[in-house]
Amino acid sequence: MIVNTPPMGWNTWNTFGQNINEQLIRESVDTFIKLGLKDAGYQYFVIDDCWSEHERDPQTDEIVPSKTKFPNGMKAVADYVHENGLKFGMYSCAGVRTCANYPGSYNHEFLDAKTFARWGVDFLKYDYCLRAINGEAPYLYRRMGQALRQCGREILFSACNWGSEDVWSWIRTTGASMYRSTGDIFDNFESAKNIAISQLPKMCYSAPNCFNDMDMLTVGMFGKGNVGRDSTNTIDEYTVQFAAWCLWGSPLMLGCDLRKMTPEILKLVTNRDLIAINQDPLVAQPYCLEPHAMSAGWVPVARFLEGGDLALGLFNFSDNPRECSILLEWLGFPYDSKYRLEMRDLISGETTLSGRDDINGQVPPHSVRIFRCHPVPAC
Ligand code: GLA
């Protein structure tokens, strides 16, 4: 399966955990469409763990959808998702049980892939809990990778082994189109910050056909739900999270209760300029301009974009305001290039001109300034 840009969608886990059912999915699909998320590029609608009965069918050995949560079966849910022009995602696990102790796909990979295909599944998130004793990661993920390739339906393979076993070094051998590179996110600034910083050295391991997945976004949860932990993210902190996921090139899987999304959050997650960076067709590797800046708590990250522009994010992860200074040379424009940059702030919309050889600005604590920069001749 060819996947040119990071997948975008929504997943049940962050907010709903085990509290999922057909009614919730239908309401969330309706809201997804009404909010314009599909128009903004979000596409995959994913049901995470806890969707099945606790045991397989004793006759067929198939996994069975929970009769109380999904009384009409999964095909009916998939049909509803498809009728709304979206793609349907599900969850299983490389172990004998899932992380929440439902049946996993170990030794049932080919059967389960066929079952998913029959229901109309388009995306499979594949977790890593409760593995059998001989269950080495590359081997387990290759099994399901092959099963999906042989199941008769195109199903995007989303690996989730939390960045363990040097996953970046072998994940492309399994046919996965995205891979989780970190442990689970929680809805607080520290968690998003630690994930973003931990991925700075891994940016070269994300490219078309296999993207580094930094986990489902907590943007808009405001402490409510399964990974909520009663946190108090501000809109600035959520902006840092969303901007980092966009610029780093992570898949964008929303995780909040869509039915309760505030207008401010909707504006953020449908910011077309930020999404355009995430989905930029060049898929150039982002890079940290000044690794030592991290010791001062701020991180400048840039990325070349198709057509000659570039993206620049000045992230202040610290608790104090920071003066951020960038030399244009770090972006590939030495003084003698005779270029400076027209910089459009993607949050405020304001456009400014860089200095002749540098960019300086103050960034408040727990905030980001993110720009699309257009090189112009310096007079
Ligand atoms: C693991 C994954 C999470 C979620 C849960 C479900 O922790 O990393 O994203 O899928 O399992 O149990």
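Counting starts at 1 for both ligands and their atoms, in listed order. Values below: every heavy atom of this structure, side chains too, minus hydrogens, waters and symmetry copies.
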Candidate pair Trp13 and Trp51, rule ring pair (Phe, Tyr, Trp, His ring centres under 6.0 Å), full reasoning: CA-CA 11 Å; Trp13 182 254; Trp51 57 267; over 10 Å; no
Spacing of Thr239 atom OG1 and His366 atom NE2 [to the nearest 0.5 Å]: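 Reported to 0.5 Å precision, the distance equals 13.5 Å.
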Contact residues of ligand 1 (heavy atom under 4.0 Å), by chain and number: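 The 4.0 Å shell around ligand 1 contains Trp13, Asp48, Asp49, Tyr91, Cys99, Ala100, Lys125, Asp127, Cys160, Trp162, Arg180, Asp184, Met216.
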Inter- and intrachain pairs under salt bridge (charged side-chain N to carboxylate O under 4.0 Å, His left out), touching residues 296-318, at least two apart: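 The answer is Asp309-Arg372.
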Within residues 123-186 or reaching into it, pairs that qualify as disulfide bond (SG atoms under 2.5 Å apart) - sequence neighbours excluded: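 Qualifying pairs: Cys99-Cys129.
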Hydrophobic cluster of Leu331, others only, ordered by chain and residue number, side-chain cut-off 4.5 Å: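 Members other than Leu331 - counting any ILVMFWY side chain reachable under 4.5 Å - are Leu282, Tyr287, Leu289, Trp298, Phe304, Leu310, Leu312, Leu314, Ile326, Leu327, Leu328, Trp330, Phe333, Tyr339, Leu341, Met343, Ile359, Val363, Phe371.
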Pair Val301-Trp248, side chain to side chain contact (heavy atoms under 4.5 Å, CB included): steps then yes or no: CA-CA 8 Å; Val301 173; Trp248 273 228; 3.6 Å; yes
